[in-house]
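Report on the structure given below.
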Amino acid sequence: MKTIEVDGIKVRIQIWDTAGQERYQTITKQYYRRAQGIFLVYDISSERSYQHIMKWASDVDEYAPDGVQKILIGNKADEEQKRQVGREQGLQLAKEYGMDFYETSACTNFNIKESFTRLTELVLQAHRKELDGLRSSTADELNLAELEEEECKPEGAENSPKACWC
Ligand SMILES: Nc1nc2c(ncn2[C@@H]2O[C@H](COP(=O)(O)OP(=O)(O)OP(=O)(O)O)[C@@H](O)[C@H]2O)c(=O)[nH]1
C-alpha cells in the first residue's frame, strides 16, 4: 500500500509485483483480474526482456479487465553502459500499444514517482469517465421516469401545465 497525491487528491494504491518466471504464470494471471493499472516492465540491459513484452501484453489483453490502464517501462536506466534496448525502441513499442512510456531506475529512483503518478492519473481518469457515464445514464433514466409519469396522467389532466402532447 502506498499513498500518493494526484491533482491534490490523496490516492491509496495497492501494488503487486508479479513474478516474471514461467513457473509462476498461473498465479500471475490471477493478479490481472482485479488490476486497474499495469506496468509492463523490461530491462534496458536485456534485449530478451524487451522481446518478452509482447507475451506480457497479450496475457494482459487476455486476463486483465477491459479498460485496464497500461504503461510501458524500460527499467535499469542507470545501466547505460550495458544498454541493449534503445530508448527509441521503447518509445516505438509503447506507440504501437498506445501506451505511455518511461525509462526508470529503481536504483537511482529516476522516474519512479513520475511513472506511478501517471498510472494513477490514468486510472483516475478512466474511472471518472465511467462515473460520468453512470451519472448521465442515471439522469436519462430519471428523465424517462418523469416522461412516463406524465404519460400516465389521467384524462382531464391535459390542461395542466405538464400534460403530454400525444
Ligand atoms: N542497476 C539496476 N538494477 C536493478 C534495478 N531494478 C532492479 N534491479 C536489480 O535487478 C535484479 C532483479 O530485480 P527484481 O526486482 O527481482 O526483478 P523482477 O523482475 O521482479 O524479477 P522476478 O521476480 O524474477 O520477475 C535485482 O538484483 C535488482 O537489484 C535498476 O533500476 N537498476
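Start at 1 and go down the list; that is how both ligands and their atoms are numbered.
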Exercise for the section: Establish whether atom 24 (O) of ligand 1 and some protein heavy atom are separated by less than 4.0 angstrom. Expected result: yes
Handout entry: Part of Glu79 within contact of ligand 1 (heavy atoms, under 4.0 Å)
Key = side chain
Exercise for the section: Enumerate the atoms of ligand 1 whose separation from the nearest heavy atom of Asp78 is less than 4.0 angstrom. Expected result: 1 (N), 2 (C), 30 (C), 31 (O), 32 (N)
Practice task
Please indicate, with yes or no, if any protein heavy atom is found under 4.0 Å from atom 29 (O) of ligand 1?
Solution key: no
Problem - Protein heavy atom under 4.0 Å of atom 13 (O) of ligand 1 - result: no
Practice task
Run the salt-bridge test on Glu79 and Lys82 with the 4.0 Å N-O cut-off and return the result as yes or no.
Solution key: yes
Handout entry: Nearest heavy atoms of Ser45 and Lys76, plus distance in Å
Key = OG-CD, 4.3 Å
Handout entry: Polar side chain donor-acceptor pair, Glu121 to Gln125, under 3.5 angstrom
Key = no
Handout entry: Flag if over 12 foreign heavy atoms under 6.0 Å of CD, Glu5
Key = yes
Practice task
Specify whether the nearest protein heavy atom to atom 8 (N) of ligand 1 is under 4.0 angstrom away.
Solution key: yes
Practice task
For residues Ser105 and Ala77, report the shortest heavy-atom separation together with the two atoms involved.
Solution key: CB-N, 4.1 Å
Practice task
Report yes if Thr104 has an N/O atom closer than 3.5 Å to an N/O atom of ligand 1; otherwise report no.
Solution key: no
Handout entry: Check against ring-ring contact (aromatic ring centres under 6.0 Å, His included), Tyr31 and Tyr63
Key = CA-CA 9 Å; Tyr31 288 109; Tyr63 300 104; over 10 Å; no
Handout entry: Test item: protein heavy atom less than 4.0 Å from atom 20 (O) of ligand 1
Key = yes
Exercise for the section: For ligand 1, indicate whether the residue Asp17 contacts it via side chain, backbone, both or neither (heavy-atom separation under 4.0 Å). Expected result: side chain
Handout entry: Any protein heavy atom nearer than 4.0 Å to atom 17 (O) of ligand 1
Key = no
Exercise for the section: Return the minimal non-hydrogen interatomic distance between Phe39 and Ser115, and the atom names on each side. Expected result: CZ-O, 3.5 Å
Exercise for the section: Before accepting this row, confirm whether a basic side-chain N of the pair Lys70/Asp61 lies closer than 4.0 Å to the acidic partner's carboxylate O. Expected result: yes
Handout entry: atom 10 (O) of ligand 1 - nearest protein heavy atom and its distance
Key = Lys76 NZ, 3.1 Å
Practice task
Could you check which of Ala106, Cys107, Ser49 puts a non-hydrogen atom nearest to atom 2 (C) of ligand 1?
Solution key: Cys107
Problem - For atom 22 (P) of ligand 1, closest protein heavy-atom neighbour - result: Gly20 N, 3.8 Å
Handout entry: Any non-hydrogen protein atom less than 4.0 Å away from atom 5 (C) of ligand 1
Key = yes
Handout entry: Minimum heavy-atom distance Ile73-Phe101, with the two atoms named
Key = C-CE1, 4.4 Å
